[in-house]
**Q** 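This is the structure, below, for whatever I ask next.
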Amino acid sequence: MKKLYTLLMMCLLGTVVSWAGEATTIYERGTTTAWSSDDLADWTQLYCTATISDGLSVNTTDAGWTCTKGINATNGTVVTLTATIHTGGAPGRSGSYDYVQIGGVSLRFYEQDKVASVDVDGTSTNLTLTYNRASDYNVEITIDQFSGNVSYTCGTVSGTASSSTAISNIIFGHYRAGKENYAVTTILKNITVTEKEPEATSVNYTINYIFNSDTIKTVNAQNYVNTNIKAENPITINNVKYYIADGETTSMTLGSDATANVLNVNLRLAGTQTVNINAVDGENNILKTFSGTRTEGDAASNLYYTRAVQYNGKYYTVPASNGNSMNYGRSMAYGSDNVNITYSLDESIVYYSESENMLKSRSIATQTEGAVPDRASGGHWYRIYPNAHVYTPALSGGIYKVDLSARNEGSNESTLLVQLRKADGTLVDIEKSTSWANSANSVNTVEGIEVPEGYSIAIVNNTGYNSGAALDYVIVYKTGEQITIPDYEHGYASYVTTSALNFSGVKGLKAYIGVDEGEYKLKLREVKEVPAGTPIIVKGTRNTTYDIPVGTCTDEITDNLLQGSATDTHTVGANESIYALKVSDGKLHSVNAGVVVPAKKAYLVSGYGGSSSAKAITLEPVDDEEEATSVVAVAADEANGASKLYNAAGQQVGAGYNGIVIDQNGNKYVK
């Protein structure tokens, strides 16, 4: 009677007294109660079909499976699971394991690795257990639901932990790492789950979390008398992170009087900071800023920046010293200083893309596999599946190289072909490729890609299953242009450059501009470098194609009589005197009105008039020093005041031009 009175009084005070009692079995099979086929209905089977053979037995080749049974444990009791598990015998893949779990605690047996571990609320700890595959192991897990205290035994190893996960079921299962299927047999030979009342006195308590004088969260719970209870710090409430304010009491020891077990803590907002990586040019002008937000207490994470930046029509690339292998990101945490990364100018890039922005041969939006890896330019990858490809926009004709940042996701070597793609989608094999070894990450470069006008560069995966090729970024560089000399002995060709070109290192080819017209001759002066859009005459070996590297010249050539466009055609007008190169004899011939001069072909607006019977203009390269001096002198005279002449259409003409001319001072007269 006295015990009952004491119990009632303590309940009124918020205290619950429990006296230790005998353990009650709430589920048991395979020990005093034999397994039967009827037991299978008690277990929810996911991705497997279990049988009763020496226990609850599963033989499957699936990626992973679970057998789950709900447990009706009384709140506040101490629950104990004991079991014997026969582990799998197939080695499979490293990381695969069999396990038995109750609440948030699981004991695991790794088949391939021959180790065991305990996982508590998602945190795994390896156990020093000598493990043999296809063997019987006794396990025991005890969870005190009030205190969260956990004790466990796995084979010959024991330990303690703490878990806050509620007990709702028991699980017997298998997890398979990777994707290769393999047969595995695992048996739950016996299992017993008991509960009993705790051997201590429990009491109610309250924690109030206060911000700006308002209580924004209250926790009401129970635990044992004399237990030290700590306020959560930091704490996230409604997706906002808080810390306990400086000087505040963060814990209390529970007494038997529940009304006194109240902990009030004042909070402050967690600090936040904006972190930046600034891409700057050589003069520290900021081209682009990559920003992120970091919160106090959070782990450092990568702030990613791209491999290249486009600014005012030019591309800037990260120097090699700023790249960490393939990982274009800087690990930054709350409190990090802002970081400046200098990008160096490289105008030879003609196309740059993060992999997800590449044009695709077919959509793979529904075929993405796995999680996005935490590395590379922006942390994004684009997997190119077998018999698929990605490609750039149409490019201007020339010589290119590509940087491919990629990884091999498969177990075999991955090879990507570099091909050309016509506007109609037809792929052209150019016998170029690059490979990645098993699980390798790297930036591979493919050079010497000859691209005709309007073609694209395609990155192609034509291998079979498990090729596993994935791109991060693609950069296409134009390294030069091609000029072909026609199959005639004279060796002349006309051309208009798309890019700035450097002829100084090209053996067997000379480039000229037209500098003086007279006596049906056009004198040519050799040039070593020219800016983009320059009409030129070249001389080389017949039926030979030359690769001309991209140059850096930006200076305008003012004394070039040749005209033409790298991109546009020109239709000869009725009153124009246009002379163009005839490949059969290597001379400039008059072009009839209405004829279209193609893009990339240089021509001369001549002073001799034009007709189909007009005399051809021969080309005279100035090769010796004396003639070169005289031509330079003519250009100097013009610069010192001699008039340049233009026709009525505004095109520069030579001194021998007949018709209406306008000098550089705007004077108009007839010659």
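These numbers come from a predicted model, not from an experiment. Positions are given from 1 along the sequence.
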**Q** Might you point out which heavy atoms bring Leu404 and Trp436 nearest each other, and give the distance in Å?
**A**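 Shortest heavy-atom contact: O-CZ2, 3.8 Å.
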
**Q** For the residue pair Arg294 and Tyr334, would you count it as a cation-pi contact if the rule is NZ or CZ under 6.0 angstrom from the ring centre and within 45 degrees of the ring axis?
**A**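 Checked: cation-pi criterion not met.
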
**Q** Report yes if the side chains of Val451 and Leu420 come closer than 4.5 Å at any heavy-atom pair, otherwise no.
**A**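 A side-chain contact exists here, since the closest heavy-atom pair is under 4.5 Å.
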
**Q** Could you label the plane-to-plane angle of the Tyr305 and Tyr343 rings as parallel, tilted or perpendicular, counting under 30° as parallel and over 60° as perpendicular?
**A**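 The rings of Tyr305 and Tyr343 stand perpendicular, inter-plane angle above 60°.
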
**Q** Can you give the donor-acceptor pairs under 3.5 Å from side chains of residues 527-539 to other protein atoms, not counting sequence neighbours?
**A**
unit_1: Lys528; atom_1: NZ; unit_2: Glu526; atom_2: OE2; d: 2.9
unit_1: Thr534; atom_1: OG1; unit_2: Pro531; atom_2: O; d: 2.7
unit_1: Lys539; atom_1: NZ; unit_2: His490; atom_2: O; d: 2.6

**Q** Supply the atom-to-atom distance Tyr352 OH to Tyr473 OH, rounded to the nearest 0.5 angstrom.
**A**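 That separation rounds to 8.0 Å.
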
**Q** Between atom CG of Leu509 and atom CD1 of Ile483, what is the distance when rounded to the nearest 0.5 Å?
**A**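 With rounding to 0.5 Å, CG (Leu509) is 6.0 Å from CD1 (Ile483).
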
**Q** State, with a plain yes or no, whether a side-chain heavy atom of Tyr351 is found less than 4.5 Å away from one of Ser456.
**A**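 Counting from C-beta outward, Tyr351 and Ser456 never come under 4.5 Å.
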
**Q** Within a reach of under 6.0 Å around CG of Asp424, are more than 12 heavy atoms found that belong to other residues, nucleotides or ligands?
**A**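 Enclosed.
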
**Q** Taking Ser565 for its side chain and Thr567 for its backbone only, find out whether a donor-acceptor pair lies under 3.5 Å.
**A**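 A pair under 3.5 Å: yes.
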
**Q** How about Asn276 and Thr289: does a side-chain donor come under 3.5 Å of a side-chain acceptor?
**A**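 Asn276 vs Thr289: no donor-acceptor pair found between side chains.
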
**Q** Which heavy atom of Phe290 sits nearest a heavy atom of Ala279, and at what distance?
**A**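 Minimum heavy-atom separation between Phe290 and Ala279: CE1-CB, 4.4 Å.
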
**Q** Measure from the side-chain N and O atoms of Tyr495 to the backbone N and O of Ala566, and report whether any donor-acceptor pair falls under 3.5 Å.
**A**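 Not confirmed, Tyr495 side chain does not pair with Ala566 backbone.
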
**Q** From Leu588 CG over to Leu604 CG, what is the distance, rounded to the nearest 0.5 angstrom?
**A**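 These two atoms lie 6.0 Å from each other.
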
**Q** With sequence neighbours excluded, what pairs up with Glu431 under the salt bridge (charged side-chain N to carboxylate O under 4.0 Å, His left out) test?
**A**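 In terms of salt bridge (charged side-chain N to carboxylate O under 4.0 Å, His left out), with neighbours along the sequence ignored, Glu431 is linked to no residue.
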
**Q** Give a yes or no answer on whether the side chain of Lys478 reaches the backbone of Pro549 with a donor-acceptor pair at less than 3.5 Å.
**A**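 Checked: no pair found.
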
**Q** Measure the spacing between OG1 of Thr618 and NZ of Lys523 and express it to the nearest 0.5 Å.
**A**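 With rounding to 0.5 Å, OG1 (Thr618) is 10.5 Å from NZ (Lys523).
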
**Q** Closest heavy-atom contact between Gln273 and Ala333?
**A**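 Where Gln273 meets Ala333 most closely, the heavy atoms are OE1-O, 3.9 Å.
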
**Q** Is any side-chain heavy atom of Ile617 closer than 4.5 Å to one of Ser606?
**A**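 Side chain of Ser606 against side chain of Ile617, heavy atoms only: contact under 4.5 Å found.
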
**Q** What I'd like to find out is whether the side chain of Ile449 reaches to under 4.5 Å of the side chain of Val418, using heavy atoms alone.
**A**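 Ile449 reaches Val418 side chain to side chain.
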
**Q** Tell me if a side-chain donor or acceptor on Thr392 pairs with a main-chain N or O of Ile457 at a distance below 3.5 Å.
**A**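 Flag set: sc Thr392 to bb Ile457 pair under 3.5 Å.
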
**Q** Kindly say whether Gly397 contributes a backbone atom to a donor-acceptor pair with the side chain of Glu453 at under 3.5 angstrom?
**A**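 Confirmed, Glu453 side chain pairs with Gly397 backbone.
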
**Q** Quick check on side-chain hydrogen bond (donor to acceptor under 3.5 Å, both in side chains): which of Asp559, Asp516, Asn560 does Arg525 satisfy it with?
**A**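 By the side-chain hydrogen bond (donor to acceptor under 3.5 Å, both in side chains) criterion, Arg525 pairs with just one of Asp559, Asp516, Asn560: Asp559.
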
**Q** Go through the steps for Tyr488 and Asp585 under the test side chain to side chain donor-acceptor pair (under 3.5 Å), then give the verdict.
**A** CA-CA 8 Å; Tyr488 291 96; Asp585 63 6; over 6 Å; no

**Q** Are the side chains of Tyr512 and Leu562 in touch, meaning some heavy atoms are under 4.5 Å apart?
**A**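 The answer is no; the side chains never approach within 4.5 Å.
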
**Q** Looking only at side-chain N and O atoms, does Thr497 offer a donor or acceptor that is under 3.5 Å from a partner on Glu481?
**A**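 Looking only at side-chain atoms, Thr497 and Glu481 do not form any donor-acceptor pair under 3.5 Å.
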
**Q** Testing the 3.5 Å rule here: is there a donor-acceptor pair between the side chains of Thr498 and Lys600?
**A**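 Indeed, the side chains of Thr498 and Lys600 share at least one donor-acceptor pair under 3.5 Å.
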
**Q** Can you tell if the side chain of Leu416 reaches within under 4.5 Å of the side chain of Val460, non-hydrogen atoms only?
**A**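 Sidechains of Val460 and Leu416: no contact.
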
**Q** For Lys401 and Thr479, work out which heavy atoms get closest and say how close.
**A**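 That would be CG-CG2, 3.8 Å.
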
**Q** Before you tell me yes or no, could you show the steps for His570 and Tyr603 under ring-ring contact (aromatic ring centres under 6.0 Å, His included), namely the whole-Å CA-CA distance, both residues' side-chain angles and the distance that decides it to 0.1 Å?
**A** CA-CA 10 Å; His570 177 75; Tyr603 58 87; 5.3 Å; yes

**Q** Between Thr272 (side chain only) and Thr295 (backbone N and O only), is there a donor and an acceptor less than 3.5 Å apart?
**A**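 Looks like no, no N/O pair under 3.5 Å.
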
**Q** Of all residues at least two apart in sequence or in a different chain, which pass the side-chain contact (heavy atoms from CB on, under 4.5 Å) check with Leu287?
**A**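 Only Asp281, Val309, Tyr311, Tyr316 meet the side-chain contact (heavy atoms from CB on, under 4.5 Å) criterion with Leu287.
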
**Q** I'd like to know if the side chain of Asn408 reaches the main chain of Ala437, judged simply by a donor and an acceptor atom lying under 3.5 Å from each other, with no hydrogens or angles considered.
**A**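 Yes, Asn408 side chain to Ala437 backbone: donor-acceptor pair under 3.5 Å.
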
**Q** Strictly distance-based, threshold 3.5 Å: is any side-chain N or O of Thr544 a donor or acceptor partner for the main-chain N or O of Arg542?
**A**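 A pair under 3.5 Å: yes.
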
**Q** Report yes if the side chains of Ile459 and Ile384 come closer than 4.5 Å at any heavy-atom pair, otherwise no.
**A**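 They are in contact (side-chain heavy atoms under 4.5 Å apart), so the answer is yes.
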
**Q** Mind checking the CD1-CD1 spacing from Ile349 to Ile475? Nearest 0.5 Å is all I need.
**A**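 So the gap between those two atoms works out to 5.0 Å.
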
**Q** Could you go through Tyr492 and Leu581, starting from their C-alpha distance and side-chain angles, then the distance that decides it, and tell me whether this counts as side-chain contact (heavy atoms from CB on, under 4.5 Å)?
**A** CA-CA 8 Å; Tyr492 283 114; Leu581 183 69; 4.1 Å; yes

**Q** Closer than 3.5 angstrom, by distance alone: can the side chain of Asn444 be matched with the main-chain N or O of Ser435 as a donor-acceptor pair?
**A**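 Present.
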
**Q** Looking at every heavy atom in both Ile578 and Val572, which two are closest together, and how far apart are they?
**A**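 Shortest heavy-atom separation between Ile578 and Val572 comes out as CG1-CG1, 3.9 Å.
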
**Q** If we only count heavy atoms from C-beta on, is the Ile548 to Phe503 side-chain gap below 4.5 Å?
**A**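 SC-SC contact between Ile548 and Phe503 confirmed.
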
**Q** How many angstroms lie between OG1 in Thr571 and CD in Glu576, if you round to the nearest 0.5 Å?
**A**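 It comes to 9.0 Å.
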
**Q** Give the minimum heavy-atom separation between Gly480 and Val550, together with the two atoms involved.
**A**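 Looking at all heavy atoms of both residues, the shortest contact is N-CG2, 3.5 Å.
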
**Q** Could you walk me through whether His389 and Gln419 pass the side-chain contact (heavy atoms from CB on, under 4.5 Å) test, one step at a time?
**A** CA-CA 10 Å; His389 66 273; Gln419 297 185 343; over 6 Å; no

**Q** Would the distance check show the side chain of Gln482 and the main-chain N or O of Thr545 forming a donor-acceptor pair, the cut-off being under 3.5 Å?
**A**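 Flag not set: sc Gln482 to bb Thr545 has no pair under 3.5 Å.
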
**Q** Would you please test Asn461 and Thr415 for side-chain contact (heavy atoms from CB on, under 4.5 Å) and show each step?
**A** CA-CA 7 Å; Asn461 181 4; Thr415 297; over 6 Å; no

**Q** Between Asn278 and Ile341, does a side-chain contact (heavy atoms from CB on, under 4.5 Å) hold up when you go through it step by step?
**A** CA-CA 6 Å; Asn278 297 315; Ile341 291 182; over 6 Å; no

